[in-house]
Each structure stands twice: as structure tokens, then as C-alpha cells.
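Since the model is a prediction, treat every value here as computed from it, not as a measurement.
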Amino acid sequence: MARLTIIVKGKKFTFSAKKGELLADALLAAGFFVERPCAGRGSCGKCRVLVKGALSKLEEPEQSQLTGEDLKKGFRLACQARILGDATVTLPEEAVVTDKIFSGQLPVDKLSGPFGIAFDLGTTTVAAFLVTLRDNIIHRGHAVLNQQSVFGAEVISRMEAAFHGRSAELQKLARSSLEQAAMGLGLSEKQLQELNCALVVGNSVMHHLFLGLPVNSLLKLPFQPTDKKPRIERLKILGREIELRIPPLLGGFVGSDTLACLLYLGFAGKQKPVAAVDLGTNGEVMVSNGSQIAVASTAAGPAFEGVNIECGMRAGPGAVSAVRRGKGGKLDYEVIGGGSPRGLSGSGLLSLVNLLRREGMINASGKLAGGRFEITDRIFLSQADVREVQKAKAAVRAAFEVLLEQLALKPADLDELLLTGSFGARIDINDALELGLVPGVKKSRVRVMANSAGMGAGMMLADEAFAFAATLAQSVRHIELYADRGFMDKFIAHMKL
Ligand code: FES
């Protein structure tokens with residue numbers, strides 16, 4: 001055995017690790033997870049950690065993903081390096097640090113129960129929302145990374161892992177992510193005694209992995225969930241055992257998170273045509289013509305979360321969130337939290353692509369002049385990044401077009417267009433409209449709504465809302481995009497910038 005010392009935010013933890021064990025697996029076994037967006041294939045470079053000690057020699061993926069400077073400093077890829085003897089790893093803060101995405105008005109210590117916790121179990125982020133059950137008010141939210149990302153950033157790699165016998169591990173990681181998110185709500189011992197109920201929403205894959213259901217039917221045509229009915233179960237969390245509500249799925253990959261969005265955004269009560277998109281790692285599109293609601297899930301891919309982008313990163317401290325042309329032609333950019341930029345977030349990526357498109361440096365077919373554009377000496381946009389943006393935006397836009405067509409609507413008919421989700425809520429409306437990510441409507445009709453899935457999940461902690469959502473789910477039409485003859489043509493047409 002080897003001694004593995006882990007340093008997180010200046011604190012040291014020591015564990016035993018098997019010699020020959022993959023560094024990422026040893027970290028996970030010790031309870032520290034490092035994201036593996038490419039599922040450990042060595043192609044994304046996002047699992048880099050600072051390490052000293054006896055490790056396996058550098059393999060090709062590390063040589064291509066790490067710069068000479070990285071290697072000199074001692075960075076290695078946790079998904080490639082193996083432990084050969086004692087080693088000390090310093091984890092980057094973003095690998096373990098959580099990001100609060102919602103904050104209520106009242107301090108938590110002033111609240112009294114009974115309480116419920118609504119969870120939005122996202123592919124990338126898991127958010128917990130604290131709800132007082134007597135008035136159904138959502139007071140606070142706390143988000144953490146989904147620990148399942150050690151099996152890859154996308155749902156496909158996680159389903160494949162589950163299919164190949166790793167289902168129990170994925171379930172454990174989902175439950176551990178919920179626990180971590182709930183801990184961040186800061187409930188006291190006394191308040192925990194008043195915690196009565198939890199509710200979890202998520203896309204169909206997250207739902208199945210959380211419940212330990214087989215994912216086989218989601219992996220092959222016609223991509224149907226094993227079980228989509230609502231459930232009432234028990235959940236052990238924060239040292240308590242409480243009621244757990246699972247709302248129904250809508251079909252295919254469209255899960256209860258979309259149902260929660262429909263509920264929160266008030267789709268059932270809209271008399272006029274309205275559309276929305278919940279944009280995160282996946283994109284769920286919703287359209288109503290005033291009498292029928294149609295939904296579809298589109299494989300937008302994780303580009304909007306900064307994954308598969310050369311200098312991409314999640315929207316967090318140090319991420320460039322917007323790029324504009326300033327006075328005198330100088331490039332201006334906004335950095336989340338100020339300070340030096342460390343990478344491009346999804347919204348930064350979109351605004352940079354839109355800026356270069358407007359200035360003619362990216363043409364309609366997506367060709368980037370010179371193949372690369374640098375915004376600092378370390379942060380750049382590559383031709384491959386532009387292609388990722390094109391694919392993601394074409395997938396979302398084509399889904400909108402299919403749903404509008406199915407409901408006999410034109411973009412101009414839409415009374416309202418709502419953008420939500422971890423990426424949707426951060427996006428610049430001009431960029432979304434000008435790049436054609438969403439149908440062309442007047443800017444005044446576009447609204448950004450944060451955390452719709454979490455807010456809808458919070459609403460469903462009330463009995464009437466849970467029952468109403470179950471009825472609503474039965475009336476929603478789920479459109480299978482793979483079966484729509486026009487989808488691929490629309491996708492290709494909307495690859496244009
Ligand atoms: S390079 Fe290690 S997870 Fe992608």
C-alpha cells in the first residue's frame with residue numbers, strides 16, 4: 001500500500017491507496033471526486049491535479065493535454081496517472097467547492113419547520129432547495145457538482161457505465177451528491193428534526209441512475225424509460241429517514257425536471273403560444289399553442305457547460321462570461337468574480353462566437369479565420385470550439401422548429417420565449433437571438449428565468465401541486481426527435497451561423 005496525502009483548501013488528509021491504482025479512483029475511494037468529463041479517456045484535460053510523489057510515467061494523453069509549464073509545475077491527469085508509491089495531491093478548489101445558486105431573503109437560522117428539500121438532480125449540478133412546508137416558500141438553495149461526473153460529463157457515458165455493471169456506484173454517487181447539496185443548506189440539529197420530506201427531479205437518465213433502475217431501454221431505440229410513473233419512497237439523508245417523492249417522467253429523455261419547469265413557468269395556464277428551453281448539459285424544449293403542450297429533449301451536448309471546449313470551464317470564479325468590442329477596438333471581457341480570466345464559460349463562448357461572426361471573422365459555415373482567436377495569451381477559441389457551438393445551437397434550434405411545426409405555430413406567433421436552466425439563465429438574449437439558438441422573436445418577448453426546475457420541484461412538495469403535476473404529465477405530448485423526418489434537415493440548416 002502507498003500513503004496518499006490529499007490537500008484541499010490548505011487542509012491535509014491522509015489515506016492508504018493500492019499501488020498501481022488510478023489516481024482518480026484512489027481519490028474517489030477517499031471521498032474526493034475530481035470530474036472526468038471525457039469519462040477518463042484522456043481527451044479533455046479537465047481532471048488535472050497538482051501531484052508530487054511516486055507516479056507512473058507520463059503517457060501520451062498527458063503529453064498532449066498538459067503544457068510544458070503544467071508538467072514543470074507538477075500537474076498530472078488524475079484519469080491517467082497511477083500511484084506507484086507515496087504521493088501528495090493538491091486538489092483544485094473547483095473540484096470540491098460548491099457554488100450557491102439561489103438565496104432567499106430570510107436567514108435559515110430564523111426559520112422553523114416543518115421543512116422539505118426539493119432537489120434538482122442535474123447531469124452536471126445538483127441543487128437543493130429548502131422549503132417551509134406550511135407555506136411552500138423556497139428560502140434557500142445550494143448547489144454542488146454531480147459526483148457522477150467521474151463517469152463522464154454526458155449521460156451516454158454514465159448509462160454505458162451502468163450498463164456495464166457500475167449502476168450501484170452511480171446510485172451511490174447520486175445519493176452522496178444529494179447529501180452534499182443538502183448539507184450546504186445549513187440546517188441546525190433542531191431544524192433537522194423538522195425535516196419531513198424530499199422530492200427529486202431530474203432527466204430520465206438521472207432519475208434511473210438515482211433509483212437504480214436499469215437503463216437498457218434508454219440506450220436503444222425507441223429510447224423509452226423503464227418506469228416513468230410517480231413514486232413515493234423513503235430517503236435516508238442528513239441522518240434522518242424521510243418521505244421521498246419522485247414526480248413522473250414525461251417520456252424518452254424528457255424527465256421530471258422539465259415537468260417542474262412547465263409547472264413553475266405556468267404553461268398549463270397560458271392561453272397564448274409560448275415556448276421555453278431549459279439549457280444545461282442537455283436541452284429540453286417546451287412549446288405550447290395555448291391548448292396543447294409539446295416537449296422534446298435535444299442532445300445539445302455539454303459545450304454550453306464549457307466541456308469539450310479547449311479553454312472551456314464551468315461558469316464560476318475566473319470564467320470569462322461575456323466578450324465585447326470596447327472603445328478603440330479593444331477586446332473587453334467580463335470575468336466572473338473579477339480577477340484574471342482562467343477560461344471561457346458557456347455564455348462567454350457564445351458571446352465570443354457571436355462577436356467574431358458579426359465582425360466577419362467567422363463566416364456563415366463556421367470557418368474561423370486563421371483557425372484560432374486569442375483573447376489572452378492563455379485563452380483562445382479554436383476552430384473545433386466553433387464546431388461544438390454550431391452543433392449545440394443547431395440541435396436546440398432544430399428541436400424548437402420541430403415542436404413549432406407539430407403545433408402549427410410560427411416563431412412570430414410566440415407571445416413569450418423563456419430561457420432557463422444552468423446555462424439558459426446566464427445567456428445574453430442578444431447572443432441567443434443573433435446566433436439563432438432560439439427562434440427569431442422580438443427581444444421584448446424573451447425572458448430569462450433562473451432555476452425553474454428547482455422552483456417547480458419546490459412547488460411539488462405541496463400535495464396539490466404534486467397531484468396536479470402528475471395529471472399535467474399525462475397531457476403533455478412528448479416528441480421523439482429521432483423519429484421526426486424533418487429534424488436532421490433542420491439540424492443541418494441551423495448549423496449555419
Ligand atoms: S482527461 Fe481525464 S477525465 Fe478527461
Indicate the ring-plane relationship of Phe253 and Phe223, choosing parallel, tilted or perpendicular according to the 30° and 60° boundaries. tilted
Can you confirm whether more than 12 heavy atoms, excluding those of [X], are under 6.0 Å from its [atom1] atom?
X      : atom1 : value
Met449 : CE    : yes
Glu189 : CD    : no
Arg3   : CZ    : no
Arg231 : CZ    : yes
Phe163 : CZ    : no

Any Lys/Arg nitrogen of [X] or [Y] sitting under 4.0 Å from an Asp/Glu carboxylate oxygen of the other?
X      : Y      : answer
Glu69  : Lys73  : yes
Arg372 : Asp385 : no
Asp431 : Arg324 : yes

If we only count heavy atoms from C-beta on, is the Leu244 to Phe210 side-chain gap below 4.5 Å?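 Touching, per the 4.5 Å side-chain cut-off.
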Quick one: do the Gln180 and Gln147 side chains pair a donor with an acceptor below 3.5 Å?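 Side chains of Gln180 and Gln147: pair found under 3.5 Å.
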Give the intermediate values and the outcome of side-chain hydrogen bond (donor to acceptor under 3.5 Å, both in side chains) for residues Gln383 and Glu310. CA-CA 10 Å; Gln383 180 63 69; Glu310 301 245 23; over 6 Å; no
Short question: side chain of Ser256, backbone of Leu259 - any donor-acceptor pair under 3.5 Å?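 Looks like no, no N/O pair under 3.5 Å.
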Test item: Ser188 side-chain N/O and Gln191 main-chain N/O as donor-acceptor pair under 3.5 Å: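 Judged by distance alone, yes, a pair lies under 3.5 Å.
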Tell me the closest heavy-atom pair linking Leu249 and Ser204, and the distance in Å. CD1-OG, 3.9 Å
CG of Leu352 to CG of Leu331, rounded to nearest 0.5 Å, is 7.0 Å
